[in-house]
Participant: 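Before I ask anything, let me first share the structure, which is written out below as structure tokens.
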Amino acid sequence: IQTGLLPTVSRSPTFEVVLKREEEKMPEILTASQIQRLVSKAYEDDHPWKRVWATAFLTGMRSGELYALTWKDIDWERRVISVTKSYNCRRREFKSTKSGKWRHVPISQALEKVLKEQFEETGQTQHVFPRFQDWFRGSQAPVLRRFCYANNLPSIRFHTLRACFATQMLNLGVDTA
């Protein structure tokens with residue numbers, strides 16, 4: 001129509017069509033103090049997911065990337081995690097990361113402490129974190145939501161841990177790249 005290839009049509013047939021947009025919701029982002037409360041309470045209660053959640057907050061890794069993480073992916077000497085694969089719970093398979101590209105995540109002192117604790121517990125296994133049945137089925141979010149609800153924290157999805165990481169990095173002035 002715009003280029004004149006349809007000489008008998010002068011305006012788009014969709015001109016008067018109005019699509020209803022859903023109202024945009026505020027993102028579920030925890031504050032630094034709420035993140036600290038969540039992790040502290042998980043450790044205090046010795047929650048089985050405590051180190052998974054702490055690692056997600058400290059790395060920004062996706063749930064499937066954490067599920068697929070093996071001890072071979074951790075380079076203690078260079079202090080980096082190689083994120084090269086992910087787990088797809090719908091297909092029950094390991095695959096490349098969402099973007100199809102690998103990346104290195106630096107290991108901070110806080111993350112090193114969490115990983116060393118985890119190594120003491122599961123260092124003889126291939127995967128860093130336990131194979132929780134809820135995680136295998138893709139039901140990690142309800143576990144987190146129940147924990148948050150029980151501890152008077154905002155109800156969040158598992159993917160929100162990644163958004164919280166990114167928000168905290170931006171708040172600290174880290175370059176977006």
Side-chain angles (χ1 to χ4, degrees), residues 22-71 73-74 81-95 97-99 103 105-172 174:
E22 285 189 31
E23 193 174 313
E24 210 171 301
K25 297 177 186 175
M26 285 293 289
E28 314 170 306
I29 301 293
L30 299 180
T31 64
S33 63
Q34 289 170 327
I35 293 169
Q36 185 61 45
R37 254 183 52 219
L38 189 152
V39 173
S40 294
K41 187 65 176 153
Y43 268 83
E44 185 181 305
D45 294 354
D46 196 26
H47 196 282
W49 289 74
K50 66 183 179 257
R51 292 191 200 105
V52 176
W53 296 337
T55 303
F57 278 127
L58 292 167
T59 63
M61 290 173 66
R62 294 176 176 90
S63 175
E65 294 168 345
L66 290 165
Y67 189 87
L69 188 64
T70 66
W71 289 113
D73 298 322
I74 297 174
I81 297 173
S82 296
V83 182
T84 60
K85 59 194 166 303
S86 183
Y87 176 73
N88 182 319
C89 63
R90 283 187 214 102
R91 292 186 168 177
R92 307 254 192 262
E93 68 180 9
F94 292 93
K95 59 177 193 60
T97 61
K98 184 176 180 181
S99 68
R103 66 185 186 282
V105 176
I107 298 175
S108 65
Q109 286 181 334
L111 179 57
E112 181 178 31
K113 182 178 185 260
V114 171
L115 291 174
K116 284 187 174 177
E117 289 172 358
Q118 189 63 31
F119 187 79
E120 301 234 344
E121 192 172 298
T122 62
Q124 302 305 313
T125 63
Q126 176 186 1
H127 290 96
V128 173
F129 297 110
R131 312 285 83 194
F132 299 126
Q133 193 62 28
D134 286 325
W135 208 358
F136 175 76
R137 288 192 310 251
S139 298
Q140 61 278 13
V143 174
L144 180 57
R145 285 195 187 277
R146 282 190 303 272
F147 181 81
C148 288
Y149 181 78
N151 290 286
N152 297 316
L153 288 160
S155 177
I156 59 171
R157 298 172 300 142
F158 194 96
H159 194 72
T160 303
L161 305 179
R162 179 173 167 78
C164 290
F165 166 80
T167 301
Q168 292 306 309
M169 293 294 102
L170 291 172
N171 288 344
L172 292 170
V174 175

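Each residue takes its place number in the sequence, starting with 1.
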Participant: Do Gln118 and Pro130 have side chains that get closer than 4.5 Å, going by heavy atoms?
Facilitator: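 Sidechains of Pro130 and Gln118: in contact.
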
Participant: Using every non-hydrogen atom in the two residues, find where Val114 and Ala54 come nearest and quote the distance to one decimal.
Facilitator: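 Taking every non-hydrogen atom into account, CG2-CB, 4.1 Å.
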
Participant: Decide yes or no on side-chain contact (heavy atoms from CB on, under 4.5 Å) for Thr55 and Phe129, but give the supporting numbers first.
Facilitator: CA-CA 10 Å; Thr55 303; Phe129 297 110; 3.3 Å; yes

Participant: Report yes or no: do Glu65 and Ser86 form a side-chain donor-acceptor pair below 3.5 Å?
Facilitator: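 Distance-only check fails for Glu65 and Ser86.
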
Participant: Atom CG of Leu111 and atom NZ of Lys113: how far apart are they, to the nearest 0.5 Å?
Facilitator: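 Going from the CG atom of Leu111 to the NZ atom of Lys113 covers 12.0 Å.
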
Participant: Would you say the side-chain atoms of Arg162 pair up with the backbone N or O of Gly60, donor to acceptor, closer than 3.5 Å?
Facilitator: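 Such a contact is found between Arg162 side chain and Gly60 backbone.
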
Participant: Keeping Thr122 on the side-chain end and Thr125 on the backbone end, is there a donor-acceptor pair under 3.5 Å?
Facilitator: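 No.
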
Participant: Please check this pair: side chain of Ser155 against backbone of Arg145, looking for a donor-acceptor N/O pair closer than 3.5 Å.
Facilitator: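 Not a single qualifying donor-acceptor pair exists.
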
Participant: Can you classify the ring geometry of Phe158 versus Trp49 as parallel (below 30°), tilted (30 to 60°) or perpendicular (above 60°)?
Facilitator: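 Rings of Phe158 and Trp49: perpendicular, over 60°.
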
Participant: Is it true that Ser82 and Thr84 share a donor-acceptor pair across their side chains at a distance under 3.5 Å?
Facilitator: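 Ser82 and Thr84 do not have a side-chain donor-acceptor pair below 3.5 Å.
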
Participant: With side-chain contact (heavy atoms from CB on, under 4.5 Å) as the criterion, how do Leu38 and Leu144 come out once you've worked through the C-alpha distance, each side chain's angles and the decisive distance to 0.1 Å?
Facilitator: CA-CA 10 Å; Leu38 189 152; Leu144 180 57; 4.1 Å; yes

Participant: Measure from the side-chain N and O atoms of Trp71 to the backbone N and O of Gln124, and report whether any donor-acceptor pair falls under 3.5 Å.
Facilitator: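 Looks like no, no N/O pair under 3.5 Å.
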
Participant: Would you name the heavy atoms of Gln168 and Ile35 that are closest together and state the gap between them?
Facilitator: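 Where Gln168 meets Ile35 most closely, the heavy atoms are CG-CD1, 3.8 Å.
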
Participant: How many angstroms lie between atom CZ of Arg51 and atom CG of Leu66, to the nearest 0.5 angstrom?
Facilitator: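 Atom-to-atom, Arg51:CZ and Leu66:CG are 14.0 Å apart.
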
Participant: Between Ser40 and Arg37 (side chain of the first, backbone of the second, donor and acceptor by atom type, cut-off under 3.5 Å), is there such a pair?
Facilitator: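 Between the backbone of Arg37 and the side chain of Ser40 there is no qualifying donor-acceptor contact (under 3.5 Å).
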
Participant: Salt bridge check: are Lys116 and Glu112 linked by an N-O gap of less than 4.0 Å?
Facilitator: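 Looking at Glu112 together with Lys116, the answer is yes, because their closest N to O distance falls below 4.0 Å.
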
Participant: Restricting to non-hydrogen atoms, name the atom on Leu69 and the atom on Met61 that form the minimum distance, rounded to 0.1 Å.
Facilitator: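 Answer, listing the atom of Leu69 first, then Met61: CD1-CE, 4.2 Å.
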
Participant: Would you mind checking if Glu93 and Lys95 are paired as a salt bridge, meaning a charged N to carboxylate O distance below 4.0 Å?
Facilitator: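 Salt bridge flag = no for Glu93 with Lys95.
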
Participant: What verdict does the salt bridge (Lys or Arg N to Asp or Glu O under 4.0 Å) test give for Asp73 and Lys85, after you've listed the backbone C-alpha separation in whole Å, the side-chain angles of each residue and the deciding distance to 0.1 Å?
Facilitator: CA-CA 10 Å; Asp73 298 322; Lys85 59 194 166 303; 2.6 Å; yes

Participant: Report yes or no: does Asn88 contribute a side-chain atom to a donor-acceptor pair with the main-chain N or O of Arg90 at less than 3.5 Å?
Facilitator: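 It does hold such a pair.
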
Participant: Return yes if a side-chain donor-acceptor contact under 3.5 Å exists between Gln140 and Ser63, otherwise no.
Facilitator: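 Yes, because at least one side-chain N or O of Gln140 sits under 3.5 Å from a partner of the opposite role on Ser63.
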
Participant: Can you name the one residue among Tyr43, Phe147, Trp135 that meets ring pair (Phe, Tyr, Trp, His ring centres under 6.0 Å) with Trp53?
Facilitator: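 Passing option: Phe147.
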
Participant: Keeping the roles fixed (side chain from Thr160, backbone from Ala163), state whether a donor-acceptor pair exists under 3.5 Å.
Facilitator: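 Checked: no pair found.
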
Participant: One pair to check against side-chain contact (heavy atoms from CB on, under 4.5 Å): Val105 and Leu58. What are the steps and the verdict?
Facilitator: CA-CA 10 Å; Val105 176; Leu58 292 167; over 6 Å; no

Participant: Between atom CD of Gln34 and atom CD1 of Ile29, what is the distance when rounded to the nearest 0.5 Å?
Facilitator: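 Going from the CD atom of Gln34 to the CD1 atom of Ile29 covers 10.5 Å.
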
Participant: Is the positively charged end of Arg131 above the ring of Phe136, judged by distance under 6.0 angstrom from the centroid and angle within 45° of the axis?
Facilitator: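 No cation-pi geometry.
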
Participant: Tell me, do Asp134 and Pro142 make a side-chain contact under 4.5 Å, heavy atoms counted?
Facilitator: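 Sidechains of Pro142 and Asp134: no contact.
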
Participant: Can you tell me how the ring of Tyr67 sits relative to the ring of Phe94, calling it parallel under 30°, perpendicular over 60° and tilted otherwise?
Facilitator: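 Tyr67 vs Phe94 ring planes: parallel.
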
Participant: Enter the distance from Phe165:CZ to Thr167:OG1 here, rounded to the nearest 0.5 Å.
Facilitator: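 Output value for this atom pair is 10.5 Å.
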
Participant: Check for a donor-acceptor pair, side chain of Glu44 on one end and backbone N or O of Lys41 on the other, with a separation under 3.5 Å.
Facilitator: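 Checking the backbone N and O of Lys41 against the side chain of Glu44, no donor-acceptor pair under 3.5 Å is found.
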
Participant: Is there side-chain contact between Val83 and Thr59, with heavy atoms separated by less than 4.5 Å?
Facilitator: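 Not in contact.
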
